[in-house]
Amino acid sequence: MSKIALITGASRGIGKQIAITLAKEGFDIVINYRSENEELEELKNLIKENNVKCLCIKGDVSKFEDCENIVKSAIEEFGKIDVLINNAGITNDMLLLRMKEEDFKKVIDVNLVGTFNMTKNVAQYMMKARSGKIINLASVVGISGNAGQSNYAASKAGIIGFTKSLAKELAGRNILVNAVAPGFIQTDMTNVLKDEVKENILNNIPLKREGTPQDVANVVKFLASEDCSYITGQVINIDGGMLM
Ligand code: NAP
């Protein structure tokens, strides 16, 4: 019987690469997306080339009802969810003095509350199945902090605390909960940065290059696989050595 992986925010960037990578491993894929995107149909076909199924469900992870609907639709189609990847995330960078309450809350709502909303809805099925894997996208910034990203860093630090707490709570049901903490990965999220900012970040990466979405997807692939059976509550940095 095929394994089912649900990836949030998988229409582009890291989430998209995770979806493609897991499809190659034989997972049936549930893609959650927020906005219509002309590449979605192409992605669906790319996934299906691996002789796996692909279901795309629209929804905003910051809304609990949307998450209920995403999970219900996935369960109706496949009857189970083996792996949940909480990938959807946003930034809204600015210094604290300029940051309004809504600028702070918006990022927390998508990144942290969204992770709660999806996990809460999926965990009940994993608990009944007495098996499952939850993989959360944190960030090195959630460990180190970063000027101009107090909202984002707080959301990612929150995800790390959430990951460790749930790892303890769900271990008895054989559900593994881990996080990955990417550093500087080449996606739309980082493309918006000014060249001098990028240059400065690159100078602080021992491996002297940006990461790729595939670098992240490869670690997620391992955490989602049968090979990973004795790791839980961990945060794995994927950052070219930036934070060591
Ligand atoms: P990205 O290219 O900006 O893609 C983000 C994805 O999340 C998009 O598909 C977006 O959909 C989706 N999304 C945003 N808000 C959503 C919501 N409310 N509900 C559902 N989907 C939503 O970002 P990325 O670089 O791939 O980042 C993926 C994850 O890795 C994020 O959690 C990010 O914080 C984390 N991360 C990235 C880096 C990096 O350097 N890139 C570093 C550390 C951590 P739309 O197309 O609708 O906007």
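Just so you know, ligand 1 is whichever comes first in the structure, and atom 1 is the first atom listed for that ligand. Not measured: the values here are computed from a predicted model.
- Heavy-atom proximity to Y152, at under 4.0 Å, picks out these atoms of ligand 1: 33 (C), 34 (O), 35 (C), 36 (N), 43 (C), 44 (C).
- The CG atom of N121 lies 8.5 Å from the CD1 atom of I70; values are rounded to the nearest 0.5 Å.
- Within the 4.0 Å heavy-atom cutoff, P213 does not count among the residues contacting ligand 1.
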Practice item. Before giving the answer on salt bridge (Lys or Arg N to Asp or Glu O under 4.0 Å), spell out for K72 and E68 the whole-Å C-alpha distance, their side-chain angles and the decisive distance to 0.1 Å. Key: CA-CA 6 Å; K72 264 190 201 147; E68 270 180 319; 5.2 Å; no
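- For K156, every heavy-atom contact with ligand 1 shorter than 4.0 Å involves the side chain, none the backbone.
- At a heavy-atom distance under 4.0 Å, atoms from both the backbone and the side chain of I185 approach ligand 1.
- The minimum heavy-atom distance linking I47 with A19 is given by the pair CD1-CB, 3.9 Å.
- Residue contacts with ligand 1 for V61 involve both N, CA, C or O and side-chain atoms from C-beta outward (heavy atoms, distance under 4.0 Å).
- Using a 4.0 Å cut-off between heavy atoms, A181 makes no contact with ligand 1 at all.
- Here the rule is side-chain hydrogen bond (donor to acceptor under 3.5 Å, both in side chains) with N86, and of N117, T115, T119, T8 only T119 fits it.
- E39 and K16 are joined by a salt bridge, as a carboxylate oxygen and a charged side-chain nitrogen come within less than 4.0 angstrom of each other.
- With a 4.0 Å heavy-atom cut-off, ligand 1 is reached by the backbone of I14 and by its side chain too.
- Of the heavy atoms in V216, none comes closer than 4.0 Å to ligand 1.
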